[in-house]
Amino acid sequence: MNGAPAPPLLTAGRDREVPPRSAQEQTPPTDQVSDLSVETVIEWFAHRGRDLPWRHEDTSAWAVLVSEVMLQQTPVSRVLPRWTEWMRQWPTPADLADAPTSEVLRCWDRLGYPRRALRLQECARTIVREHGGTVPRGLDALRALPGIGEYTAAAVTAFAHHDRAVVVDTNIRRVLARSVEGVALPARSYSAAERALATRSLPAERERSVAWNQAVMELGALVCTARSPRCAQCPLAENGCAWVADGSPAAPVDTRRRQTFEGTDRQMRGQIMAALRRDGEVPTKDLLALDPEDRPRVERCMMSLVADGLAARTEEGLRLP
DNA sequence: AAATCGGGGTC
DNA sequence: GACCCAGATTT
């Protein structure tokens, strides 16, 4: 555990400003979150942190895992009602394992990336089959579960099992990029240098590490936000934030452009899934009407949904699996 | 390393 | 209209 050799400490993101260091420098880098900052952020969280249901003491490890999967690329506000209904219907892994997949996909509703719902059910089945129905401990065992990657395995370890783990999500990346590196935004892709920074910023003591993970993530979600950070309310602003100390320099303009959603297969798949959730079964002719101009696109998306296990073929068209 | 995978709120 | 959101998986 944590046995991986530390990546080169001086590698920085492509678009990072890094103070020049000589190549033969021997001393370990000091750029990390100070003990005082850790205390300050944990204290801030105690007063300003949100009261989210999956943070309650009596919430099961499984319920925490479900929340983490739902929160992958999905804002808290949209997860809240879906998580509540989901946990009411399927409180344990065994409950979800036995549920009809069509109902699972309907309850997932419009959370997006519905393959997450399929993987969550597969995850439940694996937990029942291989772990006696209880969420396993340990990063390796968690990572082996469907739909559980590096982040979610660490989050479940920290927030469900209350063990020490290096949690790095988009919020934590941003807080560390600003407060330690002094840059407005982290690079688009997650680097080994960032993992190393998060690792050396994590308090050694178990209980404090859990509190830090929770608190710094919340700070990124509520204060150190991507668009217009509320530095006036930030406990780090006058307490060592490198970005504020630097005069809050703007992020370099990003010339790359993201794929527009309109007209993509993703949008079409979403429309087909919406129709299936509503009617259960939909004739092909009705699906083709979703884009009369581009029949190949509709057929391609129907094929991919079947291949993903999100839909099944009927004589007429598609139905929920 | 890059592409793909939803959907909606927000600026 | 572009960006963002407690990422994972595949190529």
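The figures here come from the full heavy-atom set of this structure, side chains too, leaving out hydrogens, waters and symmetry mates. Just so we're on the same page: letters track the sequence lines, and every chain starts at 1.
Positionally, the nearest nucleotide of DNA chain C for A/S67 lies more toward the 5' end than for the other of A/S67 and A/R119. Summary of the strand contacts: A/S228 and A/Y190 both lie near DNA chain B, and taking for each the nucleotide with the nearest heavy atom, the more 5' one is attributed to A/Y190. Residue whose closest nucleotide on DNA chain C sits further toward the 5' end, between A/P75 and A/G147: A/P75.
The interatomic distance linking A/Q271 (CD) with B/dG6 (P) rounds to 12 Å, in whole Å. Note: CG (A/L120) to C1' (C/dG7) measures 14 Å, nearest angstrom. One interatomic measurement links the two molecules: OH of A/Y113 to C1' of B/dT4, which rounds to 8 Å at whole-angstrom precision. Regarding A/D109, its CG atom lies at a distance of 11 Å from the C1' atom of B/dG7, rounded to whole Å. For the pair A/Q72 CD and B/dG8 C1', the computed distance is 18 Å after rounding to whole Å. Going from atom CG of A/L71 over to atom P of B/dG7 covers 17 Å, rounded to whole Å. Atom CZ of A/R55 and atom P of C/dA6 are 11 Å apart (whole Å). Distance, A/R115 CZ to B/dA3 P: 16 Å, rounded to whole Å.
OP1 or OP2 of B/dC5 has not a single side-chain nitrogen or oxygen of A/R116 nearer than 4.0 Å. Contact annotation: A/S77 does not reach the phosphate of B/dG9 (side-chain N/O to OP1 or OP2, under 4.0 Å). Using a 4.0 Å cut-off, no side-chain N or O of A/R227 falls inside it from OP1 or OP2 of C/dA2. For C/dC5, neither phosphate oxygen OP1 nor OP2 lies less than 4.0 angstrom from any side-chain nitrogen or oxygen of A/Q73.
Across all strands shown, A/W108 has no heavy atoms under 4.0 Å from either base or sugar-phosphate atoms. Here A/T152 lies in heavy-atom contact (under 4.0 Å) with sugar-phosphate atoms only. No engagement by A/R143 is indicated, since no non-hydrogen atom pair under 4.0 Å with the nucleic acid exists. Residue contacts for A/L52: at a heavy-atom cut-off of 4.0 Å it reaches a base atom on one of the strands shown. In this structure, A/L111 reaches the bases: a heavy-atom distance under 4.0 Å links it to at least one base atom across the strands shown. Contact annotation for A/G149: backbone-only contact, meaning every heavy-atom pair under 4.0 Å involves sugar-phosphate atoms and none involves a base. Nucleic acid contact class of A/A155 (heavy atoms, under 4.0 Å, all strands): none. Within the 4.0 angstrom heavy-atom criterion, only backbone atoms of the sugar-phosphate kind lie near A/R110; the bases stay farther away.
Of the candidate nucleotides B/dG8, B/dC5, C/dA6, C/dA6 has the atom nearest to the side chain of A/Y151. Taking every side-chain heavy atom of A/D265 into account, B/dC5 is the closest of B/dC5, B/dG6, C/dA6. Minimum atom distance to the side chain of A/T170 is reached by C/dC5, of the listed C/dC5, B/dG7, B/dG6. Nearest nucleotide to the A/P114 side chain, out of B/dG6, B/dG7, C/dA6: B/dG6.
Remark: the separation of the C1' atoms in B/dA1 and C/dC5 is 22 Å, to the nearest Å. Of the P atoms belonging to B/dG6 and C/dT10, the separation is 14 Å, rounded to the nearest Å. The same atom, P, is picked in C/dA6 and in B/dC11; the two are 15 Å apart, to the nearest Å.
Residue-to-nucleotide contacts include a donor-acceptor pair under 3.5 Å from the side chain of A/T74 to the base of B/dG6.
For CZ of A/R295, the number of neighbouring non-hydrogen atoms (other residues, nucleotides, ligands) closer than 6.0 Å is 12 at most. Within 6.0 Å of CD in A/E316 there are 12 or fewer heavy atoms belonging to other residues, nucleotides or ligands.
A salt bridge links A/E122 and A/R125; the closest N-O separation between the charged side-chain nitrogens and carboxylate oxygens is under 4.0 Å. At a threshold of 4.0 Å, the pair A/R106-A/E103 does not count as salt-bridged, since none of the basic side-chain nitrogens sits closer than that to a carboxylate oxygen.
Heavy atoms only, all atoms of each residue included: A/A221 and A/R174 are closest at N-NH2, 4.4 Å. Of all heavy-atom pairs between A/G182 and A/P249, the closest is O-CG, 4.1 Å.
None of A/V38, A/I172, A/V167 except one satisfies the side-chain contact (heavy atoms from CB on, under 4.5 Å) rule with A/W212; the exception is A/V38.
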